[in-house]
S.K.: 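Got a structure for you, questions after.
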Amino acid sequence: MFSSVQPNSPYLQHNKHNERMFEQIIGLIAPTECLSCGSEGAVVCSECLPSLCGRSVRALDHSVLKSVTACCSYDGLAKELVAKLKFERCRAAGTPMARAMAGLIAGHPKEIGLVHIPTASSRARMRGYDQSQLLAKRIAQITGLPCLSLLHRQGQLRQVGRHRAERSRQLSGAFWVSDYAVSPNITYILVDDVITTGSTFVAAATALQKAGATKLMGISFAAA
């Protein structure tokens with residue numbers, strides 16, 4: 001039902017260990033300061049993290065998706081975090097974002113699979129990672145839920161600055177589902193960093209629906 005590579009497999013655990021070690025080394029060379037209060041040790045410290053949690057924004061209601069919920073609005077500290085993750089190659093920024101997003105899943109049924117919405121491969125190569133995949137993996141680590149690489153993206157066009165109609169047109173048929181089995185009994189939660197018009201979430205959900213998914217939701221860190 002799920003991918004053959006499970007969240008607790010030695011392969012994934014080895015990669016997670018290497019990633020944590022890399023971030024620790026970077027932290028020793030150039031200690032991270034909290035974007036909010038300036039204290040040393042984390043991109044957002046434990047005292048400032050609650051400011052990103054508990055302010056959920058219902059960002060989208062659509063026939064394909066039950067809902068898409070964001071932790072907060074795309075401004076202030078949230079906007080700074082997204083910029084760190086997407087444009088400054090700061091992987092550590094994904095940790096407080098994932099912690100905030102994990103809170104959106106609390107209370108949902110146990111039969112859940114996290115599915116990241118792939119970014120354009122050209123952007124991922126430039127950045128060195130796919131920010132949505134990084135977030136989904138860290139949410140999986142926090143919650144213990146499976147992280148499933150079901151979606152693939154065909155288009156390479158950027159969506160930043162596009163209007164709703166243009167986004168929808170560009171994303172039509174942009175996603176396809178891999179050969180993994182999709183179950184109608186599982187709630188698939190799509191993961192992305194920012195929701196703007198909702199076109200990306202709808203296009204990704206439509207691809208999963210065509211593959212057999214019937215329970216679809218979405219979570220985003222911020223809503224623009």
Side-chain angles (χ1 to χ4, degrees), residues 5-9 11-57 68-106 108 112-119 123-124 126-149 189-195 218-224:
V5 180
Q6 298 300 316
N8 295 320
S9 72
Y11 173 77
L12 289 184
Q13 291 300 320
H14 176 71
N15 283 350
K16 291 172 188 175
H17 177 69
N18 287 345
E19 184 176 316
R20 285 195 296 269
M21 283 186 62
F22 177 76
E23 290 185 356
Q24 288 169 1
I25 292 169
I26 293 298
L28 290 172
I29 297 171
T32 303
E33 292 184 353
C34 176
L35 291 172
S36 182
C37 70
S39 62
E40 192 174 289
V43 180
V44 176
C45 71
S46 58
E47 292 186 5
C48 295
L49 181 62
S51 68
L52 296 172
C53 308
R55 298 193 292 130
S56 61
V57 179
V68 177
T69 306
C71 298
C72 50
S73 299
Y74 185 56
D75 55 24
L77 178 58
K79 192 171 184 177
E80 287 186 68
L81 266 178
V82 173
K84 283 280 186 183
L85 181 64
K86 292 180 74 170
F87 308 120
E88 298 181 31
R89 300 182 182 179
C90 179
R91 293 173 184 259
T95 299
M97 293 170 66
R99 286 176 181 165
M101 293 171 74
L104 299 176
I105 303 175
H108 284 298
I112 288 176
L114 299 169
V115 181
H116 78 280
I117 299 180
T119 189
R123 304 301 300 174
M126 184 181 300
R127 188 174 295 122
Y129 54 86
D130 182 323
Q131 76 275 2
S132 296
Q133 184 177 43
L134 182 148
L135 288 171
K137 286 181 176 180
R138 293 195 179 177
I139 295 168
Q141 291 171 19
I142 294 165
T143 61
L145 295 170
C147 183
L148 313 173
S149 295
I189 298 186
L190 293 164
V191 176
D192 206 355
D193 57 335
V194 178
I195 178 172
I219 57 173
S220 174
F221 173 63

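The basis for the numbers below is simple: all heavy atoms, side chains too, and nothing from hydrogens, waters or symmetry mates.
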S.K.: Applying side chain to side chain contact (heavy atoms under 4.5 Å, CB included), name anything that partners Ala223, two or more places apart in sequence or on another chain.
M.R.: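 Ala223 satisfies side chain to side chain contact (heavy atoms under 4.5 Å, CB included) with Val57, Ala59, Ala70, Ile195 once adjacent residues are dropped.
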S.K.: Calculate, to the nearest 0.5 Å, the distance between atoms OG and CE belonging to Ser220 and Met101 respectively.
M.R.: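 So the OG of Ser220 and the CE of Met101 are separated by 6.0 Å.
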S.K.: Any donor-acceptor pair under 3.5 Å linking the side chain of Asp130 with the backbone of Thr119?
M.R.: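 Yes: the side chain of Asp130 pairs with the backbone of Thr119.
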S.K.: Got a sec, which residues hit salt bridge (charged side-chain N to carboxylate O under 4.0 Å, His left out) with Asp193, two or more places apart in sequence or on another chain?
M.R.: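 Asp193 satisfies salt bridge (charged side-chain N to carboxylate O under 4.0 Å, His left out) with Lys86 only.
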S.K.: Taking all heavy atoms of Ala140 and all of Leu145, pick out the closest pair and write down the distance.
M.R.: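 In terms of heavy atoms, the two residues are closest at CB-O, 3.2 Å.
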S.K.: Output, in order, the C-alpha distance, side-chain angles, deciding distance and verdict of side-chain contact (heavy atoms from CB on, under 4.5 Å) for Arg138 and Thr95.
M.R.: CA-CA 7 Å; Arg138 293 195 179 177; Thr95 299; 2.7 Å; yes
S.K.: Once side chain to side chain contact (heavy atoms under 4.5 Å, CB included) is applied, do any residues pair with Ala83, and if so which ones, sequence neighbours excluded?
M.R.: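 With neighbours one apart ignored, the set is Phe87.
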S.K.: Would you indicate whether the side-chain heavy atoms of His116 and Ser149 approach each other to under 4.5 Å?
M.R.: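 Yes, at least one pair of side-chain atoms sits under 4.5 Å.
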S.K.: To the nearest 0.5 Å, what is the distance between SG on Cys72 and CE on Met97?
M.R.: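 It is 8.5 Å, given to the nearest 0.5 Å.
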S.K.: Could you tell me which non-hydrogen atom of Tyr74 sits nearest to which non-hydrogen atom of Ala224, and how far apart they are?
M.R.: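 Nearest heavy atoms, Tyr74 then Ala224: CB-CA, 3.6 Å.
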S.K.: So which heavy atom on Arg91 is nearest to which on Gly128, and how close?
M.R.: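 That would be NH2-O, 3.3 Å.
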S.K.: Just to verify, which of Ile139, Val68, Leu190 counts as forming a side-chain contact (heavy atoms from CB on, under 4.5 Å) with Ile219?
M.R.: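 That would be Ile139; it is the only one of Ile139, Val68, Leu190 passing the side-chain contact (heavy atoms from CB on, under 4.5 Å) with Ile219.
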S.K.: Please list, chain by chain and in numerical order, all residues satisfying side chain to side chain contact (heavy atoms under 4.5 Å, CB included) with Thr69, sequence neighbours excluded.
M.R.: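 Per chain and number, Thr69 pairs via side chain to side chain contact (heavy atoms under 4.5 Å, CB included) with Ser56, Arg58, Ser67, Leu104.
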S.K.: Using the test side chain to side chain contact (heavy atoms under 4.5 Å, CB included), find all partners of Ala93 that sit at least two apart in sequence or belong to another chain.
M.R.: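 Once residues adjacent in sequence are excluded, the partners of Ala93 under the side chain to side chain contact (heavy atoms under 4.5 Å, CB included) criterion are Val43, Leu81, Lys84, Leu85, Cys90.
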S.K.: To the nearest 0.5 Å, how far apart are CD in Gln141 and SG in Cys147?
M.R.: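 Taking CD in Gln141 and SG in Cys147, the distance rounds to 9.0 Å.
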S.K.: Can you name the side-chain hydrogen bond (donor to acceptor under 3.5 Å, both in side chains) partners of Arg127, sequence neighbours left out?
M.R.: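 Testing Arg127 for side-chain hydrogen bond (donor to acceptor under 3.5 Å, both in side chains), a comparison that skips the adjacent residues, returns Gln131.
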S.K.: How far does SG of Cys34 sit from CG of Leu77, to the nearest 0.5 angstrom?
M.R.: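 It is 7.0 Å, given to the nearest 0.5 Å.
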S.K.: Kindly indicate, with the supporting measurements, whether the criterion side-chain contact (heavy atoms from CB on, under 4.5 Å) is fulfilled by Leu114 and Ile105.
M.R.: CA-CA 10 Å; Leu114 299 169; Ile105 303 175; 3.7 Å; yes
